[in-house]
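Here's the structure we're looking at; comments come further down.
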Amino acid sequence: MTATRHRTSYHDALRTLSEASVDQHFDAFKDIAWDDPAYAIDPGDARWVLPRADVLGGTDWYRSLPLEEQIRVGLYRQANVTKVGLQFEQVLIAGLMNFAFTLPNGTPEFRYATHEATEECHHTQMFQEFVNRSGQDVAGAPRLFRFLAPLLPLFASRVPVGFFIGVLAGEEPIDHVQKSILRAGGDLHPLLLRIMQIHVAEEARHIGFAHQYVEHRAPRLRGYQRFVLSLAFPVIMRWLADAILVPSRGARRDMGIPRSVVRDVYWRRPESRQMLRDLFADVRMLAENAGMMNRVSRVLWKLLKIDGRPSRFRSQPSSAAA
Ligand SMILES: [Fe+2]
Ligand SMILES: [Fe+2]
């Protein structure tokens, strides 16, 4: 594709995403009937038992707990995962503002970045409301992430390609987990189901934008910049995926997960390892397309245990990509 044609199709894609945000968007307090009795959170409700599709919910340890304990751990875990998600989104919103601040007039990214920030604000409201109503005083992400959170948005103006790689590192795993829970069906609490449906619908666009942006910008970087980022790429992916998916020390203590189970689930068991690899099939494809997969970076992807075959197209079912 010629450079001009590529630029036009990139601009068209951004316009399509922006228009989709106008056509279909959600308001945290208009589109969720929080006070509907069917949505009430009862801490004794068996629908808080984690589904088998959940990495922790699928373990023998969890399955052998008494029902009340499965419910307690299940509700805590849903609340904590939600809290981590919203903390990540807060970093993202702050980064999007820094990013938009640097954009010259007439840049197509400005409009989409602000649509995305608007949507993420609604997500943080809906996630925090869920946490509040769950009655679980959860802390969310591990300490290191919470400590670095105020600094991470600075990358958005200085190293935007790196920042959007980080965005994908957070959004891809959350989206993957939510989609597999929705796909598995089962007896999910209707409030959680509603929140996940809204989230998955809007994340598709955010993930689409981050892919478009990195794919468009990375080839325009200087060679050495692209090379450094190609090495940072898998490190960012693995670090953020762990921060989001692995319960922090405090959360493990509150849920009473034995150390051996933690080690097994994150990520020693073959099923867990496979899942970790599957999470990143789409971003491996992106790294290839953006010219950020080279001999050295490939070694890092492998060392970090997130190597594997790239998807052939976005959201390709993982069994076919693995
Ligand atoms: Fe979100
Ligand atoms: Fe998002």
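Quick caveat: nothing in here was measured; it's all calculated off a predicted structure. Because only heavy atoms are used, hydrogens play no part in the values below, and waters and symmetry mates are left out as well, while side chains stay in. Counting starts at 1 for both ligands and their atoms, following the listed order.
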*Say whether, by atom type as modelled, one donor and one acceptor occur between the side chain of H25 and the main chain of V22 under 3.5 angstrom.*
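Answer holds: yes.
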*Side-chain donor/acceptor of S311 to backbone N/O of R314, under 3.5 Å*: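 Absent.
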*asked:* Under a 4.0 Å threshold between the charged nitrogen and the carboxylate oxygen, would R284 count as salt-bridged to E288?
replied: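 Salt bridge absent between E288 and R284.
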*Angle class for the F164/F99 ring planes (parallel below 30°, perpendicular above 60°, tilted otherwise)?*
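Plane angle over 60°, so perpendicular.
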Specify which N/O/S atom of [X] comes nearest to the Fe ion (ligand 2), by atom name.
X    : value
E171 : OE2
H206 : ND1
E120 : OE2

*State, to the nearest 10 degrees, the angle whose vertex is the Fe ion (ligand 1) and whose arms point to OE2 of E203 and OE2 of E89.*
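The two atoms subtend 150° at the Fe ion (ligand 1).
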*Are side-chain N/O atoms of E109 and H216 paired as donor and acceptor at under 3.5 Å?*
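H216 and E109 do not have a side-chain donor-acceptor pair below 3.5 Å.
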*Restricting to N, O or S atoms of H123, which is nearest to the Fe ion (ligand 1)?*
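Sorting the N, O and S atoms of H123 by distance to the Fe ion (ligand 1) puts ND1 first.
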